2 protein chains.
Amino acid sequence: MRQAAGAPMIRVMQEFAVRPDPDDPRLTRRVAGIDQEGNAIETAVVTERPLTLFLNGREIVTMMTIGDHPNYLAVGYLLNQNMLGPDDRIAGVDYDDEIETVVVRTERETDFEDKLKKKTLTSGCAQGTVFGDLMERFDEVRLDPAAVLRTSWLYALTRKINTAPSLYLAAGAIHGCVLCEEDRPLLYMEDVGRHNAVDKIAGYMHLEGISPAGKIFYTTGRLTSEMVIKTVQMGIPILISRSGFTAWGVELARQAGLTLIGRARGRRFVALAGAERIVFDSDPRGVGDEPARLARKSSLPEGAALDDG
Amino acid sequence: MRQAAGAPMIRVMQEFAVRPDPDDPRLTRRVAGIDQEGNAIETAVVTERPLTLFLNGREIVTMMTIGDHPNYLAVGYLLNQNMLGPDDRIAGVDYDDEIETVVVRTERETDFEDKLKKKTLTSGCAQGTVFGDLMERFDEVRLDPAAVLRTSWLYALTRKINTAPSLYLAAGAIHGCVLCEEDRPLLYMEDVGRHNAVDKIAGYMHLEGISPAGKIFYTTGRLTSEMVIKTVQMGIPILISRSGFTAWGVELARQAGLTLIGRARGRRFVALAGAERIVFDSDPRGVGDEPARLARKSSLPEGAALDDG
């Protein structure tokens, strides 16, 4: 695993440098059942497996994941929870397939350990405090005011993402997140939870030295507070989803100056924050509605759906 | 708030005894934005607010919720996490709107406190252990082998649920769970997270003395391990979703003898566990596909979507 240097180099990335591998036999399983006529059928379902994350010998969390990028997931989780800071240098990431653990080691002890000790004294269950950590850097982030989103890019991105081979198209019941630049999807990660998919992208960006400058983030999931906070803390100024909004997600996006676009399907979209970054260079009437056969929702003969995280 | 007696009485419930209230002004907010043509629009988005849960003076967790049934949510969460056992008598549930807290008091200290003390010593972050608690009673549950699901009920339920007024139809980006009996939806709860919607139903059943006998559980969300575990622990033998499956959800359903039906849309469905409870009393060819205007996915002019938890 390569380690990002202190000042990450800026690399030009290929379209779909990372993309789903629906043919990987570890990621789906064939399961027998019956259909509405009572006929025996066999169908593909997505696997989920536990992955226990350690930071410097301390057990942090057990996550359920499809398991395709444990190292990126581990590092991205720690970054997005602010358990790793910008100054923490990663000395190694060790994944053990057999015991389903991943250990992230830093050069010196992170100050997360101290914070955790303090917090477990004041709060019985860490679920509440994790959220506090998540917000810690939110107010400090300055998103690039000069970034733009051309609507021609938006239409090209959603078309390319919706038609790319994916676990979603093969088995359904999975979330996708995509790091993009202009009209090019760069990293397309899927996982059973939207939070894992975004963490895998954050981990990849950190370990491979990918700058957030000029990037656009796409998600299949809802634009909740969590999604907005993570996008902002990753330093990405534009967030697009085919799903809807929550009120707190909109409020946080406005506070942070994030461009927030939802319900992006076919020619349609709605921007509820940061609309000044949008450049209308494409006539939506020329785009057409999302054809039924390309729509993520209806493209599966068995009607598999992407419904939740 | 009424307290379930030791042996809960069995009550006959009306269709939609509890249903979403999309006109409640606290649950949605009108937000200004622009559409794909650059035109100013106003759209409804679902609100989410923090709710901090205390059990006998101990802070347990802060949840994000739409906030419509804090008492049911609190009790259901504690039950589904096995922090309240069948022997724990609830002495009171106090919700304070202003400071966004809900306190559940039991007649004697629950043994959860002891367990928690032990666990915080061995595990830094409680997220992992919460899952352990969730599974604690799973193996003990015996689901009624004589329960049946007529396909005529399934088709009637999905039609009634999809066309009932809801926050989903008003604003999108929300999950629904419905407790049903034969062809009647009884309790229809929505929330920003699927886990909250199911917990609100569990809390209602406990506090109002609703037996799981003869019940059917419907969810808009995916059939993940969490959803299967909660349904089993609530003692409900049949779980239906319009969404897809994960492999571990299927495996746990088979272990527990739960009837697991997914991708239920229009005439179509797939059963991957417990299919022996299904009675095929309705010709699917007479049901027709889900009409586009009734489909949850496509019924909104703005294309709001139900995509994740």
Side-chain angles (χ1 to χ4, degrees), chain A residues 29 31 33-38 41 43 45-48 52 58-62 64 116 120 123-128 130-131 171-173 175 192 194 220-222 224-225 242-248 250 263 265 267-272 275 280 284 297 302-309, chain B residues 29 31 33-38 41 43 45-48 58-62 64 116 120 123-128 130-131 151 171-173 175 192 194 220-222 224-225 242-248 250 263 265 267-272 275 280 284 297 302-309:
Chain A
R29 191 182 301 167
V31 177
I34 63 166
D35 70 6
Q36 67 276 355
E37 316 264 359
I41 53 124
T43 188
V45 297
V46 171
T47 57
E48 49 182 347
T52 301
R58 175 143 204 165
E59 184 179 333
I60 302 294
V61 68
T62 297
M64 295 305 301
L116 188 66
T120 45
S123 166
C125 179
Q127 285 186 308
V130 166
F131 192 77
H175 272 288
V192 282
R194 174 186 39 150
T220 59
R222 285 177 296 169
T224 59
S225 50
R242 58 179 290 112
S243 299
F245 305 86
T246 69
W248 201 23
V250 173
R263 304 176 191 164
R265 298 180 180 207
R267 71 160 70 90
R268 292 174 180 280
F269 67 82
V270 174
L272 295 185
F280 291 86
K297 299 300 172 192
E302 288 161 339
L306 179 70
D307 265 12
D308 56 348
Chain B
R29 192 181 300 167
V31 177
I34 64 167
D35 71 5
Q36 68 276 358
E37 316 265 359
I41 54 123
T43 188
V45 296
V46 171
T47 57
E48 49 183 344
R58 174 143 205 165
E59 185 180 333
I60 302 293
V61 67
T62 297
M64 296 305 302
L116 188 65
T120 46
S123 168
C125 179
Q127 284 186 308
V130 166
F131 192 76
T151 56
H175 272 287
V192 282
R194 174 186 40 151
T220 59
R222 284 177 298 169
T224 58
S225 50
R242 60 178 290 111
S243 298
F245 305 85
T246 69
W248 201 22
V250 174
R263 304 177 191 165
R265 299 182 178 204
R267 70 160 70 90
R268 293 173 179 281
F269 68 81
V270 174
L272 295 186
F280 290 85
K297 299 301 171 193
E302 287 162 338
L306 178 73
D307 265 11
D308 57 348

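None of these values were measured; they are calculated from a predicted model.
- Between B:F280 and A:D35 the shortest heavy-atom distance is CE2-O, 3.9 Å.
- Minimum heavy-atom separation, A:G244 to B:A173: C-CB, 3.8 Å.
- The side chain to side chain donor-acceptor pair (under 3.5 Å) test applied to A:Q36 returns no partner, not counting sequence neighbours.
- Both the backbone and the side chain of B:T246 come within contact range of chain A, with heavy atoms under 4.5 Å apart.
- Scanning for side-chain contact (heavy atoms from CB on, under 4.5 Å) contacts around A:A247 gives B:R29, B:V45, B:T47, with sequence neighbours left out.
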Working for side-chain contact (heavy atoms from CB on, under 4.5 Å), residues A:T43 and B:R263
CA-CA 11 Å; A:T43 188; B:R263 304 177 191 165; 2.8 Å; yes
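- Here the OG atom belonging to A:S225 is positioned 4.0 Å from the CD atom belonging to B:E48, to the nearest 0.5 angstrom.
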For a side-chain contact (heavy atoms from CB on, under 4.5 Å) check, start with the C-alpha distance between B:V192 and A:T224, then their side-chain angles and the critical distance, and finish with the verdict.
CA-CA 9 Å; B:V192 282; A:T224 59; over 6 Å; no
